[in-house]
Amino acid sequence: MDCIFCKIINGEIPGKFVYRDKNVVAFFDIRPKSPIHLLVMPIKHIESLINISFNDKNLLAEMTLVVVKVANKLGLDKSGYKVIINNGKGSGQVVFHLHMHLLGGWHETPHWQV
Ligand code: 5GP
Ligand code: ZN
């Protein structure tokens, strides 16, 4: 399958991993949009929330808990963080393997929040 995130998950392409279990991984975004920018995703290839099924409910819960675990590990709970999921081309999604963006690490108020 021609999916860049599947290739990173299976080691064909390098990734800077901070977490991996049997269902979920987390690694740093290659072009960070914040001081700390991670991607948290299922190992299973699902394109986006548009393609999710009810059977994936535990997986979605696990992804959310991994976001929290990784955020705590990196101290982002101190600074606060954003969790964003793009779904479909119109949202700006460019990699069609479901992923949560974990954005944080600001030491002051982000410029877009005045
Ligand atoms: P999307 O717009 O699909 O929600 O976000 C895709 C994200 O994947 C972007 O933030 C982009 O920087 C990141 N990305 C694209 N290619 C790679 C890659 O090869 N490695 C890593 N670590 N991140 C990537
Ligand atoms: Zn994939």
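Remember, it's 1-based here, ligands and their atoms both numbered in the order they're listed.
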Check each of [options] against [atom] and report the one with the nearest heavy atom.
| atom | options | answer |
| --- | --- | --- |
| atom 24 (C) of ligand 1 | Ile4, Ile30, Leu103 | Ile30 |
| atom 4 (O) of ligand 1 | Gln93, His37, Met100, His101 | His101 |
| atom 9 (C) of ligand 1 | Leu39, Asp29, Leu38 | Asp29 |

Within the 4.0 Å heavy-atom shell around [X], which atoms of ligand 1 are there?
| X | result |
| --- | --- |
| Asn86 | 1 (P), 2 (O), 4 (O) |
| Ile8 | 18 (C), 19 (O), 20 (N) |
| Lys33 | 9 (C), 10 (O), 11 (C), 12 (O) |
| Phe27 | 22 (N) |
| His99 | 1 (P), 3 (O), 4 (O), 5 (O), 6 (C) |
| Gly92 | 2 (O) |

Please check: side-chain N/O of Asp29 versus main-chain N/O of His37, any donor-acceptor pairing under 3.5 Å?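 No; judged by distance alone, with no hydrogens or angles, the pair does not exist.
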Donor-acceptor pair, side chain of His97 and main chain of Pro42, under 3.5 angstrom: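 Answer holds: yes.
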Which residue holds the protein heavy atom closest to [atom], what is that atom called, and what is the gap in Å?
| atom | value |
| --- | --- |
| atom 8 (O) of ligand 1 | Phe5 CZ, 3.4 Å |
| atom 3 (O) of ligand 1 | Val94 N, 2.7 Å |
| atom 15 (C) of ligand 1 | Arg31 NH2, 3.8 Å |

>> Ignoring hydrogens, what is the shortest heavy-atom contact between Ile9 and Arg20? Give both atom names and the distance.
In response: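 That closest heavy-atom pairing would be O-NH2, 2.8 Å.
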Point to revise | Shortest non-hydrogen separation from Gln93 to Val95 and the atoms involved | key: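 Shortest heavy-atom separation between Gln93 and Val95 comes out as NE2-O, 2.9 Å.
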Would you mind writing out the side-chain donor-acceptor pairs for residues 68-79 within the sub-3.5 Å range, not counting sequence neighbours?
residue, atom, partner, partner atom, Å
Asn72, ND2, Val68, O, 3.4
Lys73, NZ, Val18, O, 2.8
Ser79, OG, Leu76, O, 3.4

Student check: side-chain heavy atoms of [X] and [Y] closer than 4.5 Å:
| X | Y | answer |
| --- | --- | --- |
| Phe96 | Cys3 | no |
| Leu59 | Ile52 | no |
| Ile8 | Phe17 | yes |
| His99 | Phe27 | no |
| Val66 | Asp21 | yes |
| Lys16 | Ile30 | no |

Heteroatom distance test (Ile13, ligand 1): nitrogen or oxygen, under 3.5 angstrom: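 In this structure, Ile13 places no N or O atom under 3.5 Å from an N or O of ligand 1.
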Can you tell me how far apart OG (Ser91) and CG (Leu49) are? Round to the nearest 0.5 Å.
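Atom-to-atom, Ser91:OG and Leu49:CG are 9.5 Å apart.
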Query - Under-4.0 Å heavy-atom contact with ligand 1, by part of Phe17 that carries it - result: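 None of Phe17 does.
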Which part of Phe28 is near ligand 1, with near meaning a heavy atom under 4.0 Å away: side chain, backbone, both or neither?
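Phe28 to ligand 1: backbone contact only, side chain stays beyond 4.0 Å.
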Checklist line | Candidate pair Met100 and Thr64, rule side chain to side chain contact (heavy atoms under 4.5 Å, CB included), full reasoning | finding: CA-CA 8 Å; Met100 290 174 161; Thr64 305; 3.5 Å; yes
Practice task
With the Zn ion (ligand 2) as the centre, enumerate protein N/O/S atoms below 2.8 Å in chain and residue order.
Solution key: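 The answer is Cys3 SG, Cys6 SG, His45 ND1, His97 ND1.
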